Amino acid sequence: MFNYLLPNSAEVQWIEEALELHQAAQEFRLEVERRQAQEEYCKWYYEMAQQTQADNAAMAGDFNFYRWFCDLRSPSARTKARNRRTPQD
């Protein structure tokens, strides 16, 4: 903005180039860190997905206690239970 006020000496040019180089190095370092963090997250997510799939496969044969509990609490289930207890003619 006020470039016309700055002297155009070699020292000022050198400082400006050094600051630009430093800024580029910082941006590069931040980009590398961001990509590494993304890669670590993707690896963690993939491992969690595999573990979840294995857990689901292991639980596939288990008895569903939650459904059994919900069926006992529902009025239609009580009616079905009463009908089961009545003697058949």
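Just so you know, these numbers come straight off a predicted model, no measurement behind them.
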Tell me, with the steps shown, if Glu40 and Lys43 meet side chain to side chain contact (heavy atoms under 4.5 Å, CB included).
CA-CA 5 Å; Glu40 289 172 7; Lys43 182 180 176 185; 5.7 Å; no

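- More than 12 heavy-atom neighbours from other residues, nucleotides or ligands sit within 6.0 angstrom of CZ on Arg29.
- Both Trp14 and Leu19 are part of a single hydrophobic cluster, where members link through side-chain heavy atoms under 4.5 Å apart.
- The NE2 atom of His22 sits 15.5 Å away from the CD atom of Glu17 when rounded to the nearest 0.5 Å.
- Tyr45 and Tyr41 have tilted rings, their planes meeting at an angle from 30° to 60° on a 0 to 90° scale.
- For Glu33, the CD atom is densely surrounded, since the number of other residues' heavy atoms within 6.0 Å is greater than 12.
- Looking at heavy atoms from C-beta onward, Glu20 lies out of side-chain contact with Gln23 at the 4.5 angstrom threshold.
- A salt bridge links Glu31 to Arg35: at least one charged side-chain nitrogen sits closer than 4.0 Å to a carboxylate oxygen.
- The environment of CZ in Phe63 is crowded: more than 12 heavy-atom neighbours from other residues, nucleotides or ligands sit within 6.0 Å.
- Rounding to the nearest 0.5 angstrom, the gap separating the CD atom in Gln51 from the CG atom in Asn56 is 10.5 Å.
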